Amino acid sequence: RYLSNLLVQMYGKCGNVDQARRVFETIQPKNTFSWSIMMGAFTLNGHVHDAKAVFDAMPSRDVVAWNALVGLFARAGMLESAKMVFDKSPGWDPASWSSLVMELAQKGHLDEAKSLFDRCLHKDVILNTAMLTAFVQHRRIDGAKSVFDLMPQRNVVSWNALISGFAKGGNLKHLRELFDRMPHWDSVACTAVIAALGNAGRIEEAELVYGLMAEQSDVSCTAMFLAYAENEHLEDAERIFSGLKHSKDVVVWTAMLVVYGQKGFVESSQKIFRCMPTRNLVTWNAMVQAYAENGNLDLAHAAFHRMPATDVVSWNALSTALAMNGEIDAAWDVFDSVRPEK
RNA sequence: UCGCGUGAUAGAUGA
């Protein structure tokens, strides 16, 4: 049975909810794992209604099921429903608190998140770290630091979350102090530090941290690549690039595309765009931006109109590009045609 | 008692 459970989970992760459901229906008898795995598969793929239906159909509901439902609504941005479910749930598990705190913070209600957090009596490491991260997202490093200091226990993730806060804040002295105090340096911490050092132009130190890592990943290589490229160490950047040629990661390729665009090689950006394995909204925005900042307004326009979806960044890139090239009227037209919301 | 399910951290795009 639990092999079938794993199968449902696997299909869910691949985005094949129909197949997941098919396997789920053959499981007999289903245990609590089967039910919440099925619910998780729908949740992962954004099928809020189906996930809720699974919850409703459950013969019995344990903590995990309740947490999953709170998390489902919270992540879908339906905070009111999430809170109602939370109030109705039999226990107030830290996992539910955590979902609510994160979603509140993400919506910009940091203070509400904090007061909700303060009302929880049995906080665990994850909930504390979620609150810490919420402060970091709002660049409130002081708040993040005080959550960190007050936590009864910390794990790698808590340390990394605070490191990430200092890294984003750009205070290298504090970053350094905290980094030296860390019990373990894993790739998450190192990558955050490399990015911060790169932004500050401290290449030698970034290289040093890069060398500390037991093994490189696409993520750490991208950070190092950008550190080099943004500080004009182009041969070194090129060297990292060669090591990433076979990556299937969108972020890697988008970073490459951006760098070539910024150095004035739009054709290379274009080639990367065409050859890369997958593209997302950020990739498209970067491509439009690359055309725009190289003065290729027509190509920028053309790309913009072929975009499967657009967001504020896309519109902004296009209209500032037009404005900077003297096409003030066209820029206003773009600006005016932006629909409110999103 | 253990094993499969829920919530937290790093790299890419505009201002």
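Note that the structure is predicted; figures quoted are calculated from it, not measured. No hydrogens, no waters, no symmetry mates; every other heavy atom, side chains included, goes into these values.
Comparing B:U13, B:G7, B:G11 against the side chain of A:V251 picks out B:G11 as the nearest. Closest to the side chain of A:L226, from the set B:A12, B:U6, B:A10, is B:A12. Of the candidate nucleotides B:G7, B:A12, B:G11, B:A12 has the atom lying nearest to any side-chain atom of A:A255. Closest to the side chain of A:S99, out of B:A12, B:G7, B:U6, is B:G7. Side-chain atoms of A:I126 lie closest to B:G7 of the nucleotides B:G7, B:U9, B:G5. Comparing B:A8, B:G11, B:G7 against the side chain of A:P94 picks out B:G7 as the nearest. Listed nucleotides: B:G5, B:U9, B:U6. Nearest to the side chain of A:I37: B:G5. Distances from the side chain of A:V219 to the nucleotides B:A10, B:U13, B:G5 place B:A10 closest. You'll find that the side chain of A:V313 is closest to B:G14, out of B:A12, B:G7, B:G14. Comparing atom distances between the A:N280 side chain and each of B:A12, B:A10, B:U6 picks out B:A12 as nearest.
For A:D93 against B:G7, no side-chain N or O and base N or O form a donor-acceptor pair under 3.5 Å.
Within the nucleic acid shown, A:D62 comes within 4.0 Å of at least one base atom, counting heavy atoms only. Within the 4.0 angstrom heavy-atom criterion, no nucleotide atom of any strand lies near A:S220. Among the heavy atoms of the strands lying under 4.0 Å from A:D218 is at least one base atom, whether or not backbone atoms are also near.
Counted by atom type alone, A:W66 and A:S96 present zero donor-acceptor pairs between their side chains at under 3.5 Å. When only modelled atom types and interatomic distance are considered, A:Y228 and A:E238 share no side-chain donor-acceptor pair under 3.5 Å. Side-chain contact check for A:Y260 and A:Q270: no donor-acceptor pair (N or O, by modelled atom type) lies under 3.5 Å.
A salt bridge is absent between A:K83 and A:D87; no separation between the charged side-chain nitrogens and carboxylate oxygens falls under 4.0 Å.
Counting heavy-atom neighbours within 6.0 Å of A:D298 CG, excluding the residue itself, gives a total of 12 or less.
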